Number of protein chains: 2
Amino acid sequence: MARTDTRFRQSHNALLDILSGIPVGAGLPSEVQLAAKLGVSRTVIRAVVQKLGADGILQGTGRDKQLVRVPKVRDRLPLREEYIRRDELEARFLDWVLRFDVPAGTALNITQLARQFMVPPHALQEFLASLGQSGLIERRPRGGWRLLGFTADYAVELSEFRQVLELNAVRVFTALPEDHPAWAALTVIRDEHLDLLDRIDHDFHDFSRLDGRFHALINSVVSNRFVAEFQKVISLIFHYHYQWDKTMERYRNEAAIREHLTIIAALQVRDASAAKARLRAHLATSKETLLSSMRGHHLA
Amino acid sequence: MARTDTRFRQSHNALLDILSGIPVGAGLPSEVQLAAKLGVSRTVIRAVVQKLGADGILQGTGRDKQLVRVPKVRDRLPLREEYIRRDELEARFLDWVLRFDVPAGTALNITQLARQFMVPPHALQEFLASLGQSGLIERRPRGGWRLLGFTADYAVELSEFRQVLELNAVRVFTALPEDHPAWAALTVIRDEHLDLLDRIDHDFHDFSRLDGRFHALINSVVSNRFVAEFQKVISLIFHYHYQWDKTMERYRNEAAIREHLTIIAALQVRDASAAKARLRAHLATSKETLLSSMRGHHLA
DNA sequence: CATGGTGTCTTTTATGATAAAAATCACCGG
DNA sequence: CCGGTGATTTTTATCATAAAAGACACCATG
């Protein structure tokens with residue numbers, strides 16, 4: 001078989017569900033309506049209807065088809081175990097690379113990895129190609145891929161790049177007009193920081209998400225597709241590492257919240273240079289955390 | 001046939017060349033040596049040697065094989081017309097997108113494009129995936145690709161991003177120690193600018209390359225893989241447009257050279273703020289040129 | 001005769017099969 | 001033990017093809 005018939009099987013079962021809702025002897029909705037309802041093309045619907053006719057569930061031809069009997073559970077087609085989705089692949093792959101400390105320069109084996117991650121080799125290939133931008137992966141001259149690895153160098157350069165982008169964002173932020181929605185958003189997120197600070201003892205785990213949203217807000221004022229693209233990579237990596245370095249997590253997070261608040265305060269009084277200086281300090285801390293989490297992990 | 005046998009054919013002909021250099025009756029070098037010499041695996045060498053044995057050019061088995069007769073021209077295997085290389089595909093594709101003003105949002109047809117560009121569909125697929133970073137291309141939910149198009153928005157955002165990166169580079173540049181090689185390189189490129197200025201009437205076409213090298217030098221002091229990655233995209237796009245907007249080319253180029261020289265001068269006296277201001281002005285001009293070239297092209 | 005439908009055909013994409021190439025292992029003669 | 005060959009096992013790039021989507025023509029019916 002070339003393409004998988006997953007779509008056909010899903011539509012088959014979905015149509016059975018629809019048929020269960022109408023009385024025996026009633027006519028079918030039109031093919032176009034069914035296709036729209038299930039979100040597939042008419043070709044699929046026609047194939048399913050034909051099969052149901054052969055199975056004795058439907059009868060008639062043309063625009064005159066009726067339900068012969070109520071479909072039973074055993075009429076359903078088993079779905080073959082499906083491959084995982086793209087975002088899950090991304091998560092699993094990063095988890096594998098970052099967590100298991102794969103040495104830099106490792107040659108990747110497409111087929112083996114594809115099996116390991118439960119995806120068709122083709123999908124993995126495309127995924128790796130799309131990951132080229134992140135600088136984690138390199139194409140070898142004659143076929144194959146090499147993992148450049150998540151090294152300390154990489155972390156440093158990532159942090160530096162992040163700093164360049166965010167300092168620029170802060171510069172833009174302080175120049176925004178008074179009625180720009182970002183100011184309101186800033187007030188809201190400030191309150192969220194204060195709120196989390198109150199219940200830090202229990203909920204310090206919530207900081208990771210708040211941190212992501214804070215930095216996203218800062219960068220959101222720069223409407224630039226390239227910045228946004230990189231922001232995704234950056235937040236991905238930082239977010240992942242946040243989840244592992246459990247040492248001092250509660251205190252680190254509390255400190256980070258306070259740093260965020262000083263930055264917010266500086267922004268609110270439109271003090272660009274103060275905001276930049278504080279952001280610089282915060283990002284430096286962040287970088288150190290990232291590096292130390294890598295070192296700790298490497299020793300483990 | 002699954003994989004092409006190009007490699008086999010090339011090795012076949014290359015081995016014929018080697019055999020032409022040794023006397024009839026002499027023994028062959030070892031398979032390992034031949035494989036190393038031709039840069040292929042032993043499997044290929046063995047396949048070629050076997051074919052040459054069948055053709056009566058070699059005889060013997062094991063480590064005892066000799067040349068029977070001098071190979072003739074007609075022993076060579078014809079190379080089937082090969083597909084184009086990756087960088088050529090890149091050039092052709094960009095040329096197509098940028099020159100023919102493909103409307104934004106166009107759905108790309110893999111097979112058709114693959115034929116058009118003389119590459120296997122698979123290669124095009126991977127190429128498109130790798131181009132995801134540039135923001136020119138988007139993957140549609142259920143298969144297929146969409147061309148986001150090279151719009152004015154795109155050009156503006158690209159220019160802005162470029163400015164952020166290069167301003168940062170200039171900041172780093174002025175802080176470099178006296179003995180850093182970049183200073184020497186700066187002097188060299190300054191002389192090249194002066195030189196080109198002297199012969200601008202005839203050689204103004206040379207500016208495109210010089211411009212590329214100038215900006216590359218500026219950015220080279222930031223050793224950051226992400227910056228470098230983006231630099232590639234940026235120089236690609238700008239370089240391409242340079243080639244088309246022929247209006248006022250000579251005067252534009254002369255003006256740009258002078259702008260470069262003012263930036264170089266500011267750098268050389270370590271005046272960061274002056275250098276930044278002048279770079280800003282230069283990039284603004286550059287952006288305008290890019291936009292006007294797009295407008296001109298759009299009207300055409 | 002316009003509208004909503006079906007039958008048929010063409011185009012396009014995703015995937016499994018497969019051959020070429022690379023890498024690995026086992027063995028041999030000196 | 002070393003440099004080599006023979007045989008075997010991965011591994012990757014390409015191709016053929018089925019599934020899905022889309023386009024077109026025609027038909028029945030109010």
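The sequence lines fix the lettering, A, B, ..., with proteins before strands; numbering per chain opens at 1. Worth saying up front: this structure is predicted, and the values here are computed from it rather than measured.
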Worksheet item: Can a side chain N or O of B:Arg46 be found less than 4.0 Å away from OP1 or OP2 on D:dG6?
Response: yes
Worksheet item: Counting just side-chain N and O atoms, does A:Arg7 come under 4.0 Å of either OP1 or OP2 of D:dA21?
Response: yes
Atom pair distance, as rounded to whole Å: [atom1] in [X] and [atom2] in [N]:
| X | N | atom1 | atom2 | value |
| --- | --- | --- | --- | --- |
| B:Leu77 | C:dA20 | CG | C1' | 15 Å |
| A:Glu31 | D:dA20 | CD | P | 16 Å |
| B:Arg9 | C:dA19 | CZ | P | 17 Å |
| A:Asp5 | D:dA18 | CG | C1' | 10 Å |
| B:Leu38 | C:dA21 | CG | C1' | 14 Å |
| A:Gln50 | C:dT6 | CD | P | 14 Å |
| A:Ile45 | D:dG22 | CD1 | P | 13 Å |
| A:Arg42 | C:dT10 | CZ | P | 16 Å |

Looking only at heavy atoms, what is the nearest atom pair of [X] and [Y], with distance?
| X | Y | result |
| --- | --- | --- |
| A:Ser159 | A:Leu290 | OG-CD2, 4.1 Å |
| A:Val40 | A:Ser11 | CG1-OG, 3.7 Å |
| A:Ala14 | A:Leu38 | CB-CD2, 3.7 Å |
| A:His12 | A:Val48 | CA-CG1, 3.7 Å |
| B:Val49 | B:Leu58 | CG1-CD1, 4.0 Å |

Worksheet item: Got a donor-acceptor pair under 3.5 Å from the side chain of B:Ser41 to the base of C:dA23?
Response: no
Discussion item. Under 3.5 Å, is there any donor-acceptor pair linking the side chain of A:Thr43 to the base of D:dA19?
Written reply: no
Practice prompt. Residues of residues 52-69 of chain B with any non-hydrogen atom less than 4.0 angstrom from an atom of DNA chain D: list those, numerically ordered, please.
Written response: B:Gly62, B:Arg63
Worksheet, complete the sentence: dist B:Gln59:CD -> B:Arg69:CZ (nearest 0.5 Å) comes out at 12.0 Å
Item to complete: Quick one: pull up CZ in B:Phe226 and CD1 in A:Ile234 and give me the separation to the nearest 0.5 Å.
Response: 7.5 Å
